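Notes follow once the structure below has been shown.
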There are 6 protein chains.
Amino acid sequence: MTQANAPALRPRSTLVVTAHAGDFVWRAGGAIALAAARGERVTIACLTFGERGESAKAWREGRKLDEIKAIRRDEAERAAAALGAEVRFFDAGDYPLVATAELTDRLVAVYRETQPDVVLTHPAEDPYNGDHPAASRMALEARVLAQAIGYPGEGEIIGAPPVFYFEPHQPEMSGFKPQVLLDITEVWDTKREAMECLAAQQHLWDYYTDLAVRRGVQLKRNAGPNLGLAHKTMAEAFMRPYPQIAKELA
Amino acid sequence: MTQANAPALRPRSTLVVTAHAGDFVWRAGGAIALAAARGERVTIACLTFGERGESAKAWREGRKLDEIKAIRRDEAERAAAALGAEVRFFDAGDYPLVATAELTDRLVAVYRETQPDVVLTHPAEDPYNGDHPAASRMALEARVLAQAIGYPGEGEIIGAPPVFYFEPHQPEMSGFKPQVLLDITEVWDTKREAMECLAAQQHLWDYYTDLAVRRGVQLKRNAGPNLGLAHKTMAEAFMRPYPQIAKELA
Amino acid sequence: MTQANAPALRPRSTLVVTAHAGDFVWRAGGAIALAAARGERVTIACLTFGERGESAKAWREGRKLDEIKAIRRDEAERAAAALGAEVRFFDAGDYPLVATAELTDRLVAVYRETQPDVVLTHPAEDPYNGDHPAASRMALEARVLAQAIGYPGEGEIIGAPPVFYFEPHQPEMSGFKPQVLLDITEVWDTKREAMECLAAQQHLWDYYTDLAVRRGVQLKRNAGPNLGLAHKTMAEAFMRPYPQIAKELA
Amino acid sequence: MTQANAPALRPRSTLVVTAHAGDFVWRAGGAIALAAARGERVTIACLTFGERGESAKAWREGRKLDEIKAIRRDEAERAAAALGAEVRFFDAGDYPLVATAELTDRLVAVYRETQPDVVLTHPAEDPYNGDHPAASRMALEARVLAQAIGYPGEGEIIGAPPVFYFEPHQPEMSGFKPQVLLDITEVWDTKREAMECLAAQQHLWDYYTDLAVRRGVQLKRNAGPNLGLAHKTMAEAFMRPYPQIAKELA
Amino acid sequence: MTQANAPALRPRSTLVVTAHAGDFVWRAGGAIALAAARGERVTIACLTFGERGESAKAWREGRKLDEIKAIRRDEAERAAAALGAEVRFFDAGDYPLVATAELTDRLVAVYRETQPDVVLTHPAEDPYNGDHPAASRMALEARVLAQAIGYPGEGEIIGAPPVFYFEPHQPEMSGFKPQVLLDITEVWDTKREAMECLAAQQHLWDYYTDLAVRRGVQLKRNAGPNLGLAHKTMAEAFMRPYPQIAKELA
Amino acid sequence: MTQANAPALRPRSTLVVTAHAGDFVWRAGGAIALAAARGERVTIACLTFGERGESAKAWREGRKLDEIKAIRRDEAERAAAALGAEVRFFDAGDYPLVATAELTDRLVAVYRETQPDVVLTHPAEDPYNGDHPAASRMALEARVLAQAIGYPGEGEIIGAPPVFYFEPHQPEMSGFKPQVLLDITEVWDTKREAMECLAAQQHLWDYYTDLAVRRGVQLKRNAGPNLGLAHKTMAEAFMRPYPQIAKELA
């Protein structure tokens, strides 16, 4: 194991750690599409397919577990492709998603392989779905372990990439307070296309379109002058569990 | 009164609202020097000279109120000049600093005149010095009023510039949690020079140098890879009461 | 002054205390319409017309202060009529709304006259509009004073009516966490009609319709079985600063 | 597995999930007795007998583990009978109570069998007894899992019943802030009778009587007019982790 | 004005700042009696008589304002004498108690005259009585001003004496979390005697006796071994807004 | 198993529970040295050697796991000896430190053997190192279990000794607010000597010296008059998760 060198030779890298197959689309599809549009690498570590907890429609239609997993995998792969990202499935089993040493180990390996400059994951709280905080805890723990030269495994150790929590379904009940409003207007069509890959959750297409409008209104309300914002700005909201490193206040 | 147009013709503008004459040096000298070094305009609205509450040495030497004000004014003007900023004194009287409609009105006028892209002020809490929160409340109130076309007064209305709270003397007791760590390494000598203009508080020169070192260590601990940081990074810490507007997560 | 007796002879009474002329419509129109539909009395104490801070369009059209006040008064009166409520204007001046002993005194008199069973007002925080917390503080202070037999003035003292905070424009930034989700489906058309009385703020009609949809989705997500909810439930969210008094857990 | 239908045919159902044999009596005996008095079904899932952590007297008398379990079981059964509820013992072992997949599974089965309209459990924090938060976490996790059609097991899935946290022994140290004050005056004698079934903890009989008096005083202090409260109102306090669903503000 | 010297020549001094005439008895009577029993000086700055807000019985009996003030003064003086303290009345008017520069000035003078080693006052929040936080804010502001050599007035400047918040009537609703549990067993009879001087509030005698028992139980539950506590320990609870200075951890 | 008797015959005892070999030196070396200097017993339960997470230098030098453990053990033993304390290594494995029933059991045994009057451990949060909160949770859980006569094992049960959280490396990011400032001036040289036993972390010697200076400045800023503090006071900061038991307010 050697430490990173010559970092400038590779493009910026984003790692997204999510509990279920659809999460990265609804909550961070804009951020992913923006990074991909800049020519950066985006890797999604999808811990489960959401086969038990987020596939009610398929269960009601009488489908079997393996069939449901296959459907969710297919949908997620098409959505990731639409956004310009690569998705990896851990198939760790959902509802409940249970942390294990082996899962953490696999996550550390992905951190060291992808050398992320940015990490996206669920926030620490969600009283409506325990899998989300479980994924968040694992993502954060693996990020710290992957920095330690003494933690065994392949690959180079990583730095301390900034972490962003994406927005949960019921933000106020999950202690979610927007700290970053990301302008995703220019990739909005791509996000909508990715959402439409998730056929089983059609009722969420408009819900998350409305959310992007609302976060866009909030963005404009919090913007200083001179920003040249689009008339209809679309946005995604994030929190930062660690401080921002800055060269300039803005 | 007309609304802003042709904003691109003027340089970026920073407005710093502080309670006492020395505050802008200890707490935001680096941020000010960085902005000035980029050719931007920095205006400091200094509500009082700190003549009663932060001039113990002068009182012990038997000086009179007017004399003390003159000393503090002179020191602050020299420090501002060293940083590359303009300072305006409101002479509102400290210990306690009391909010009045007239003070707010004068602050609104400064906002509209300077059209700030960035606002710096004290955080909302400080159990050791009530003047600091009082200045913060006035700074925030005036910022909102200055945005309203219906609020009377000269000048154009402003947008909603981002606000940064600078670090208080006892951060943990004032609910201060660093949300932005600003790298001030390249202007450190300038900040030190400005601090040394404040002869009456010589015991704070090293104290705030140590603080900058410590915040620099923290900056590096929170930095991702590839940032090319200086070996001895100096930093200032800030909070954001409003969400950051971003085009990219970083 | 005598204490309340024979309370059963009067209908239930709701008192709404707001900063500006439009607030009661956007934020509590459903709650007001529901109460009115049950035959109850609803009184709105509207502290200002929002003439400076929430009438940007009229100012841009070049209207004068008195003209703007008249417009806002007219709109609010028609909206209140649509909802089935009575509105009283205090004309205390907005941006900023400043608490005075005389204003508090007038509010105490309204409490004692209307003998509210329920009080609605703004939440305690709003970093985007200081008039809202100012109105909230006055509403809560007057509610406590109106309970004291020793506080001078006409009318009977009141009990300790429950207080509900209605939803601010940027809930997450104002510490707003929904504690009560009120089903307003059956009066939705009435609320929409009242919103449409506010011609100057047409851009908010759809915004608050979307909000009602979203709070309705949240209501259903938090509802137990057997509630027989409408397919498209519309809702308003509230907080409770004081504990709920209950005869049954539900 | 089929989804709920014809829900109106069964009486309302309350599920109480507690760590130790005595908890449901001290903390929720009034709420249980009220529900039972209305002809509703109340089921208590008692995860342990409190045999190690809450039976100091028996251990000091030299009793053996099995003997202590039998005593606590007997006491709890008599107390439950007095209140009009059914108690089920999980015998999961206390001090510490450890969450397992099997325990969660059994709890999910009880949720699906009893189809609760209301859930009562411990709050999320208790720095004096880790078993209480452990029981709370399991109760909440099982409640979410029991809603998912994809989670395997017998019985119908459930809705999202409201949850109430009952009061811990040291409320201020456990982040407990009363959000609901339940008037238990009419069933007070029943609660006292149930408490007196717990012979081993006789020192708590008066302690929890005093608590009910104090919460009753607080109830009256927070009550609006016209409630016709008893002179000596007895009460229990609860928190709500999820928002209340309401048809009317009161 | 000269700075303190020869401090060892005077006994320890405690300053209690309260809103109303009865507060010091119910909330801090034990702490006061303990200090007095050690031969220390205790001064109570009582900002109002509680003539409007806490004298309902007298108003119901038809008494006049001046008569009520005289009654409350007399009661408070007898209670203070029972505890061994001196009480000073500011007669600032209650319900609402309004901060003024003149009141603050008088408080600064008391600080400088009494040179307190310990300060007791109300906590920062009380949603049931705004006079309590108002008194607290004034007590804390005057304490800071009295430390400044530049603040005008008679007497020596003071150090930074520790502050203790005493317990409000509804602790959980006022953000009150016990941080210090003071054993008042040995002066309990004195506190009870002082309470009984407050004839108008007889219903509170037992209420605050029960509170002392409960805080005593909590004290024992939080006590390490070897403390030799009384069987029936009586206690008062306090918060510390500033850190404790210690020579030893205990 | 019998309950404690004749407690007065043994000296006061302090138990320090830490995650890694160096923690007790940087964070509590002053508190330990003070206790030892008073002739008290101090026992350090060191759960891991910090062999993976806090030994980067040794890994970079190419050392093996066992070698690194031996180095860290040796350093820690010399540091403990310098402070006057005994250290026990649990060798539980770090990065991540995982709680097990067996570890808890061993900790309970240490509690019962050492009968601590004071417990020191990490605070509950640390987003930079998950081992610290893990150690804290185990320390607190074992402390509660060791109080229960029903929890099996050798030795007498313990009382409820006060707990102090020592300061983490990034206090503001870990929710750390100083509640106790301990004057360690008289043992400062001893702490420095112990720090210098940790050769691998030489960059921290000055860092923690500066921290002690800064906490000393804060101590003086929060000290009342008459304390006779050293000109250059050195201090350590602590939090209290449980209330302080006091015989006197100071």
Side-chain angles (χ1 to χ4, degrees), chain A residues 3-4 7-8 10 12-14 28 31-32 34-35 38 40 115-120 147 156-164 177-186 215 218-229 233 235-240 242-250, chain B residues 3-4 6-8 10 12-14 28 31 34-35 38 40 115-120 147 156-164 177-186 215 218-229 233 235-240 242-250:
Chain A
Q3 219 176 329
R10 55 177 172 73
R12 279 180 96 239
S13 168
T14 293
I32 293 169
L34 274 180
R38 289 190 304 261
E40 301 178 14
Q115 293 285 323
D117 298 281
V118 173
V119 175
L120 307 183
Q147 297 174 43
E156 296 169 356
I157 62 168
I158 66 167
V163 177
F164 295 87
K177 180 176 175 174
Q179 294 181 318
V180 182
L181 293 166
L182 181 69
D183 186 341
I184 60 167
T185 311
E186 66 181 77
R215 292 302 179 200
Q218 190 176 22
L219 185 154
K220 285 193 285 187
R221 184 100 188 238
N222 284 283
N226 313 334
L227 288 181
L229 295 170
T233 299
E236 284 175 348
F238 298 89
M239 291 187 77
R240 287 181 180 275
Y242 295 98
Q244 176 190 4
I245 303 308
K247 291 278 184 183
E248 178 181 350
L249 297 182
Chain B
Q3 222 176 327
R10 56 177 169 73
R12 268 170 62 93
S13 167
T14 293
L34 274 180
R38 289 190 305 262
E40 300 178 17
Q115 293 284 324
D117 298 279
V118 173
V119 175
L120 307 184
Q147 297 173 42
E156 297 169 355
I157 62 168
I158 65 167
V163 178
F164 295 87
K177 179 177 174 174
Q179 294 182 317
V180 181
L181 292 167
L182 180 69
D183 187 341
I184 61 166
T185 311
E186 66 180 81
R215 291 302 179 201
Q218 189 176 22
L219 185 154
K220 285 193 285 186
R221 184 102 188 235
N222 284 283
N226 314 336
L227 288 181
L229 294 170
T233 300
E236 284 175 348
F238 298 89
M239 292 187 77
R240 286 180 181 277
Y242 295 98
Q244 177 189 3
I245 304 308
K247 290 278 184 185
E248 177 181 351
L249 296 182

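Predicted model, so just to flag it, every value in this text is computed and none were measured. Chain letters run A, B, ... following the sequence lines, proteins first and then strands; every chain starts at 1.
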Handout entry: Heavy-atom proximity to chain A below 4.5 Å, by part of Glu40(B)
Key = side chain
Completion exercise
Assert top hit (heavy-atom pairs under 4.5 Å, partner chain A, pool Phe238(B), Phe164(B), Tyr242(B)) equals Phe164(B)
Exercise for the section: Could you grab the distance from atom CG of Leu34(A) to atom NZ of Lys247(B), nearest 0.5 Å is fine? Expected result: 9.0 Å
Practice task
Give, as side chain, backbone, both or neither, the part of Leu120(B) having an atom under 4.5 angstrom from any heavy atom of chain A.
Solution key: side chain
Fill in the blank from the handout: Max heavy-atom pairs within cutoff under 4.5 Å with chain B, candidates Ala237(A), Ala235(A), Pro243(A), goes to Pro243(A)
Handout entry: Top contributor to chain A contacts, counting heavy-atom pairs under 4.5 Å, from Ala250(B), Ala35(B), Pro178(B)
Key = Ala250(B)
Problem - Part of Arg38(A) within contact of chain B (heavy atom distance under 4.5 Å) - result: side chain
Problem - Structural part of Val118(B) lying under 4.5 Å from a heavy atom of chain A - result: side chain
Practice task
Calculate, to the nearest 0.5 Å, the distance between atoms CG and CG belonging to Leu249(A) and Asp117(B) respectively.
Solution key: 12.0 Å
Practice task
Could you grab the distance from atom OG1 of Thr233(A) to atom CD1 of Ile245(B), nearest 0.5 Å is fine?
Solution key: 9.5 Å
Handout entry: Glu248(A) bridged to Arg12(B) by N-O distance under 4.0 Å
Key = yes
Problem - Interatomic distance, Arg240(A) atom CZ to Gln179(B) atom CD [nearest 0.5 angstrom] - result: 9.5 Å
